[in-house]
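In what follows, chains are A, B, ... by sequence order, proteins preceding strands, each numbered from 1. Worth knowing before you read on, the calculation uses all heavy atoms, side chains too, and leaves out hydrogens, waters and symmetry mates.
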Amino acid sequence: MLRFQVQNTDNASSARTGVITTDHGVIETPIFMPVGTLGAVKAMHFKDLLEDTKAQIILGNTYHLYLRPGTDILERAGGLHRFNGWNKPILTDSGGYQVYSLAHRRKLEQEGVTFQSHIDGSRHMFSPERVIDIQRSIGADIMMAFDECTPYPCDKNYASDSLKTTHQWLLRCMKQYKATEPKYGYHQALFPIVQGSVYPDLRIKSAEEISALNAEGNAIGGLSVGEPIEKMYEITQLVCNILPKDKPRYLMGVGTPVNMLECIALGIDMFDCVMPTRNGRNGMIFTRNGIINIKNEKWKDDFSPIEAEGNSFVDTQYSKAYLRHLFVAGEMNGPMIASTHNLAFYLWLMNEARNNIRNGVFSEWKSSMVKKLATRL
RNA sequence: GGGGAGGUACCAGAGCGGUCAAAUGGGGCAGACUGUAAAUCUGUUGGCUAAGCCUUCGGAGGUUCGAAUCCUCCCCUCCCCA
């Protein structure tokens, strides 16, 4: 079983703290989950991920891991945990995001989605059943239902049809889930995903149907795909108010530090996003006082620490001028330090959020933080 | 001393009579990035009183309606031979 216990709730908002217990350990919520698509968080060592960023759970991706290294190798390794040596919880995305991001090289049908591999062009059919099987082979603690992450903008007819398909796929996923056993002796949960684009009635329908399934946790997908931020908050709020309070709520693919604080206030418990790692590799540094583009000339002689108050090794070990130098010179330490810092920052922000919820001052704290976090330095 | 090649924007390097303020790379500067086809991609990179004008292709002259491109002289690099 995957257990979730709500511990503290905020009076002024829907924010709450909680603990998710999995067979690979506990996860304190609200939490940010670093993305490790191919079984590795890009530019990061697990040692640093554990010690410096304090990551509690990471993501993997069904589509990518299926293509490389493939389920045969993963099974022979004894699952992804054994393969990559990450002994804490792992959540795998189902490939639903690739239905969106690789839209130009897939064919979507009622039965499932046929992808043309971005690596060698070979064709692969992803049905809901197949996606569950693959996630069983990967051995993720939390598996995601196969869905279509709809693009934005998305006309209502398309969104409505897509939602029907996603729900049928969900039922097939659950059937396959119940018909199969974990391969490595520990429990695997399955989270359904609410869809419906930016249409309130579709989202309500989706959230209600999914709530009735009584899954161990529930996710909201199809957001942060280019819609106005206010739409994202509006839909998140709408859905959070319907999804069961006693189960973790996971907002997929979100987001910026500000997005996360706003959505914690709406009742979200789990986040993941490539932003701290990808943008970090591209020179964007998130700090308590705002966002830095470390490649900018203005940092060339700023010898102050990356984050003087920061608690990760890299924050005080390296100066902004040095980090800029590494980026300008194309040294791989640049992206590594930036990724470590950004993840440490994201995880620190979650920790602060939890503390402020516990202390009953979340909303005030959030207001003061939001102003600083979005500042461009 | 003899023979040959060449000097183009920050660098490398195309262009060899008009469509050239000058391809392409690199470098510089800036921007983008939200369940990762990303250590990626995009824009910009002579000056200005800016849909136009001015000064640029080693230097000085010349031919021409028009020259980075043709001619003359000069300066400077590099290669081969002695």
Side-chain angles (χ1 to χ4, degrees), chain A residues 32-44 57-65 67-68 90-106 115-121 131 135 140 142-152 166 191-195 219-229 231-233 236 250-260 262-263 268 270-284 286 291 293-300 324 326-339 342 346 376:
Chain A
F32 175 79
M33 309 181 282
V35 179
T37 304
L38 281 146
V41 177
K42 294 186 193 300
M44 292 288 306
I57 169 174
I58 62 173
L59 259 66
N61 182 280
T62 302
Y63 168 81
H64 289 283
L65 289 168
L67 288 181
R68 285 190 301 212
I90 293 175
L91 179 153
T92 43
D93 181 35
S94 61
Y97 186 74
Q98 279 63 45
V99 177
Y100 157 79
S101 69
L102 300 178
H104 56 290
R105 47 193 317 132
R106 53 77 170 160
F115 286 99
Q116 187 164 13
S117 162
H118 65 281
I119 300 163
D120 63 7
V131 164
Q135 292 183 95
I142 299 173
M143 309 192 289
M144 299 305 299
F146 193 46
D147 66 333
E148 180 191 5
C149 175
T150 51
Y152 181 86
T166 286
F191 284 18
I193 304 171
V194 173
Q195 288 289 348
I220 305 171
L223 293 176
S224 66
V225 289
E227 75 284 1
I229 293 302
K231 282 275 178 208
M232 183 178 109
Y233 295 153
T236 299
Y250 164 29
L251 180 56
M252 306 182 77
V254 173
T256 67
V258 171
N259 290 164
M260 294 193 297
E262 295 295 353
C263 292
I268 295 295
M270 305 162 73
F271 301 92
D272 79 282
C273 189
V274 302
M275 195 173 279
T277 45
R278 178 192 285 168
N279 290 29
R281 288 196 305 283
N282 295 331
M284 185 182 279
F286 296 92
I291 296 166
N293 180 344
I294 200 65
K295 292 191 282 196
N296 285 179
E297 187 176 26
K298 64 198 285 191
W299 306 110
K300 70 178 178 190
R324 170 182 145 82
L326 294 177
F327 268 96
V328 168
E331 281 289 327
M332 60 175 84
N333 272 350
M336 291 170 67
I337 291 167
S339 298
N342 282 348
Y346 266 56
R376 295 280 176 154

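The side chain of N282(A) contributes no N or O atom lying less than 4.0 Å from OP1 or OP2 of rA38(B). The side chain of R324(A) contributes an N or O atom lying less than 4.0 Å from OP1 or OP2 of rC29(B). The phosphate of rG35(B) (OP1 or OP2) has no side-chain N or O of T37(A) nearer than 4.0 angstrom. Residue N293(A) places no side-chain N or O under 4.0 Å from the OP1 or OP2 atom of rA32(B). In this structure, N61(A) reaches the rU36(B) phosphate: one of its side-chain N or O atoms is under 4.0 Å from OP1 or OP2. An OP1 or OP2 oxygen of rU40(B) is reached within less than 4.0 angstrom by no side-chain nitrogen or oxygen of R278(A). One finds a side-chain N or O of Q98(A) lying less than 4.0 angstrom from the OP1 or OP2 phosphate oxygen of rA37(B).
Ring pair H64(A)/H118(A): centre-to-centre distance below 6.0 Å.
Nucleic acid contact class of Q195(A) (heavy atoms, under 4.0 Å, all strands): base. When heavy atoms are screened at a 4.0 angstrom cut-off, I229(A) is found touching base atoms of the nucleic acid. Using a 4.0 Å heavy-atom criterion, one finds that D272(A) contacts the sugar-phosphate atoms exclusively. Using a 4.0 Å heavy-atom criterion, one finds that V225(A) contacts no nucleic acid atom at all. Using a 4.0 Å heavy-atom cutoff across all strands shown, G226(A) reaches no nucleic acid atom at all. Nucleic acid contact class of M284(A) (heavy atoms, under 4.0 Å, all strands): base. Within 4.0 Å (heavy atoms only), R376(A) reaches sugar-phosphate atoms of the nucleic acid but no base atom.
Here, rC53(B) and rC71(B) have their P atoms 31 Å apart, quoted to the whole Å. Comparing the same atom, C1', in rU63(B) and in rG17(B) gives a spacing of 11 Å after rounding to whole Å. A distance of about 12 Å separates the C1' atoms of rA21(B) and rU8(B), rounded to the whole Å. Separating the P atom of rC73(B) from that of rG28(B) is a span of 44 Å, rounded to the nearest Å. Taking atom C1' on both rG15(B) and rA23(B), the two are 8 Å apart, rounded to the nearest angstrom. Here the separation of rU69(B) from rG58(B), taken at their P atoms, is 8 Å to the nearest Å. Remark: the separation of the P atoms in rC75(B) and rA60(B) is 15 Å, to the nearest Å. Atom name C1', nucleotides rG3(B) and rG18(B): the rounded distance is 37 Å, in whole Å.
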Exercise for the section: Could you walk me through whether F271(A) and F32(A) pass the ring-ring contact (aromatic ring centres under 6.0 Å, His included) test, one step at a time? Expected result: CA-CA 5 Å; F271(A) 301 92; F32(A) 175 79; 7.7 Å; no

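If you measure from atom CG of N279(A) to atom C1' of rA39(B), you get 13 Å, rounded to the nearest angstrom. Rounded to an integer number of Å, the gap from W299(A) CH2 to rG28(B) C1' is 19 Å.
Counting only heavy atoms from C-beta outward, the side chains of L251(A) and T236(A) approach each other to under 4.5 Å. Taking 4.5 Å as the limit, every side-chain heavy atom of V99(A) sits out of range of all side-chain heavy atoms of L102(A). Contact of the M252(A) side chain with the Y97(A) side chain is not registered, since no non-hydrogen atoms from C-beta on lie closer than 4.5 Å. Here the side chains of P34(A) and M44(A) are not in contact, with every heavy-atom distance at 4.5 Å or above.
Considering only the side chain of K42(A), rA38(B) comes nearest among rC29(B), rA37(B), rA38(B).
The base of rU36(B) does not come close enough to the side chain of S101(A) for any donor and acceptor atom to sit less than 3.5 Å apart.
Pair assignment for rU36(B): none, as no Watson-Crick or G-U wobble contacts are both less than 3.5 Å.
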